[in-house]
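Chain letters run A, B, ... following the sequence lines, proteins first and then strands; every chain starts at 1. What you see below is based on every heavy atom in this structure, not just the backbone, and it leaves out hydrogens, waters and symmetry mates.
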Protein chains: 2
Amino acid sequence: MPQTTPTPASSALEADLRAGTGLLSDPEATTVERLMQAAAHAFADKGFHATTTRDIASGAGLSPAGVYVHFGSKEELLFNLSRTGHESALRQLRAAIAASPAPPGQLASLMARFSEWHVEQYQVARVVQYEHHHLTPEHHAEVLALRKEMDALVRDVLERGVASGEFAIDDVGDTALALLSIVVDVARWYSPTIKRTPAQIGATNAALALRLVGAAEPRRTARLATDTAAPPPDA
Amino acid sequence: MPQTTPTPASSALEADLRAGTGLLSDPEATTVERLMQAAAHAFADKGFHATTTRDIASGAGLSPAGVYVHFGSKEELLFNLSRTGHESALRQLRAAIAASPAPPGQLASLMARFSEWHVEQYQVARVVQYEHHHLTPEHHAEVLALRKEMDALVRDVLERGVASGEFAIDDVGDTALALLSIVVDVARWYSPTIKRTPAQIGATNAALALRLVGAAEPRRTARLATDTAAPPPDA
DNA sequence: CGTAAGACTAAGCAAGCGCTTAGTCACTGT
DNA sequence: ACAGTGACTAAGCGCTTGCTTAGTCTTACG
């Protein structure tokens with residue numbers, strides 16, 4: 001049985017600030033931070049199982065054994081990344097909802113900020129959205145609780161908007177799921193080679209959300225697609 | 001260099017018909033079909049790299065070496081699955097569009113049938129949507145061409161709806177991406193334990209799509225969520 | 001100065017991996 | 001009757017994997 005290191009976690013606020021630092025780990029960062037960055041990069045790029053502990057070690061500038069000074073196993077590294085990532089995402093959601101007094105503004109702000117988070121932290125976001133089922137059952141359950149909280153926050157905004165008459169939708173659960181699909185899917189299709197800025201993507205998804213709940217500004221002029229606007233569907 | 005078997009492909013029409021056959025491979029099916037089913041099951045469940053060729057072999061009722069009688073490598077198995085899966089998806093899309101004369105009906109039919117496909121073939125759909133980047137560059141390029149076709153079909157329906165004045169949207173590319181996000185994401189959250197039928201999910205997504213393009217039936221009564229309707233966000 | 005603790009590496013182990021080899025068996029055509 | 005063919009397996013090869021061990025170096029502290 002492996003001697004499990006007592007699970008370091010590196011200030012989650014720091015993690016929010018260190019946004020898109022690029023391919024090679026920041027040599028100024030602590031070793032634990034560099035390991036988490038290297039793991040996020042590799043897990044997002046190739047997936048948990050295709051990533052070797054040697055990939056992570058060399059990405060952080062360590063020998064293969066250096067990983068195990070700080071993390072008891074590869075799965076523990078994934079868990080730390082996944083947990084802090086979910087917590088970071090939840091913080092964004094809560095802040096976005098708090099930034100506006102009424103459901104329509106809350107929904108717009110929520111979609112914009114959460115989409116921007118998926119773009120700016122797209123490596124972490126990919127791990128959060130697509131790698132959590134490789135966790136051990138115990139760790140998976142812990143992360144699932146955070147995911148349910150995220151879902152509940154979105155549903156709550158929708159329910160209050162329906163109650164106030166500002167939203168006109170058929171079903172809160174279905175609509176919440178569709179809204180989250182639009183955001184979560186950003187982590188799948190986004191690539192740094194895409195030219196749209198995080199703010200543009202956020203604004204687009206906020207506008208789409210308001211349409212979906214029947215709270216969009218009255219009417220817009222229909223406009224045919226120009227080649228300048230649309231992103232490629234795949235990298 | 002490995003002696004590559006001349007790439008069997010098993011009638012794609014057959015593949016469409018054999019929908020959700022469950023966990024264990026159909027013993028009536030041919031060996032190639034059983035291998036593809038076992039691979040789809042394992043790849044969807046654990047991902048390409050976490051799946052061993054021994055998993056696939058035993059899932060198809062063969063010894064580990066039996067796989068290599070029919071496929072030259074594990075990647076070739078993924079490629080066959082991915083290619084026939086993309087072709088099957090494309091066929092659904094085209095049939096859905098052909099089933100209706102005007103853009104609103106085409107969009108509704110497209111969203112409904114494509115969503116249903118993601119549910120009924122959810123193991124294949126997961127491989128199609130989430131495993132294709134594990135292909136070799138050559139094979140990846142081939143399925144990317146099929147993916148671009150799928151995207152083009154959706155955009156075409158939107159553009160014709162905008163041109164006819166039936167759709168009122170801000171940007172065709174952004175809207176097409178959001179619609180595809182809603183459908184593709186079905187493969188992520190769907191699980192056979194969920195109680196909603198494929199037809200229900202398809203109808204929901206068709207209705208959401210019509211709202212999103214501003215072509216929904218005039219107004220609906222706002223209705224608060226009841227516990228009976230909404231699916232869980234995770235398995 | 002001595003020593004204890006922590007961060008790290010060189011080397012390597014056992015297990016599991018993708019895939020191959022050599023051969024068996026059932027069936028087909030002549 | 002028999003050679004040929006294709007589907008399949010038992011055994012295993014060479015390599016990579018996650019992780020461990022034993023030890024070095026640096027820093028902190030009495």
Interface polar pairs with nucleotides 6-12 of chain C, N/O, under 3.5 angstrom:
residue	atom	partner	partner atom	Å
C/dC8	OP1	A/T31	OG1	2.9
C/dC8	OP2	A/H70	NE2	2.5
C/dT9	OP1	A/S63	N	3.4
C/dT9	OP2	A/S63	N	2.9
C/dT9	OP2	A/S63	OG	2.9
C/dT9	O5'	A/S63	OG	3.4
C/dG12	O6	A/R54	NH2	3.4

*Ion pair A/D185/A/R188, N-O distance below 4.0 Å*: yes
*Could you state the interatomic distance from CZ (A/F43) to CD1 (A/I56), rounded to the nearest 0.5 Å?*
4.0 Å
_Please report the distance, rounded to the nearest Å, between CD in B/E76 and C1' in C/dG18._
14 Å
*May I have the distance from B/L78 (atom CG) to C/dC19 (atom P), rounded to whole angstrom?*
12 Å
*Do NZ/NE/NH1/NH2 and the carboxylate oxygens of A/K46 and A/D55 come within less than 4.0 Å?*
yes
*D/dT16 P sits how many Å from A/K74 NZ, rounded?*
16 Å
Give every pair of a protein N or O atom and an N or O atom of nucleotides 23-28 of chain D that lie under 3.5 Å apart, one pair per line with the distance.
none

*Side-chain contact test, heavy atoms from C-beta onward, threshold under 4.5 Å: evaluate it for B/N80 versus B/E76 and give yes or no.*
yes
*Roughly, in whole Å, what's the span from NE2 in A/H49 to C1' in D/dT17?*
11 Å
*Whole Å only: how far is the CD atom of B/E75 from the P atom of C/dG18?*
13 Å
*Treat primed atoms plus P, OP1 and OP2 as sugar-phosphate and everything else as base, then score nucleotides 22-28 of chain C 5' to 3': B for base contact with protein heavy atoms under 4.0 Å, S for sugar-phosphate contact only, - for none.*
-------
*Partners meeting ring-ring contact (aromatic ring centres under 6.0 Å, His included) with B/H132 (sequence neighbours left out)*: B/H140
*Measure the shortest side-chain to side-chain distance between B/Y122 and B/V186 over non-hydrogen atoms and say whether it is less than 4.5 angstrom.*
no
*Between B/E87 and B/R83, is there a side-chain N and carboxylate O pair less than 4.0 Å apart?*
yes
*List the steps, then state whether side chain to side chain donor-acceptor pair (under 3.5 Å) holds for A/T204 with A/R196.*
CA-CA 11 Å; A/T204 297; A/R196 295 162 79 203; 3.2 Å; yes
*Can you sort out the partners of B/T31 under side-chain contact (heavy atoms from CB on, under 4.5 Å), two or more places apart, ordered by chain and number?*
B/R34, B/L35, B/L62, B/H70
Contacts table for residues 124-131 of chain B: side-chain donor-acceptor under 3.5 angstrom, sequence neighbours left out:
residue	atom	partner	partner atom	Å
B/R126	NE	B/A187	O	2.8
B/R126	NH2	B/Y190	O	2.8
B/Q129	OE1	B/R147	NH1	3.4
B/Q129	OE1	B/R147	NH2	3.0
B/Q129	NE2	B/H118	NE2	3.0
B/E131	OE1	B/F48	N	3.1
B/E131	OE1	B/H134	ND1	3.2

*Value in whole Å for how far the C1' atom of C/dG18 lies from CG of B/L77*: 13 Å
*Is the closest basic N to carboxylate O distance between A/E149 and A/R94 below 4.0 Å?*
yes
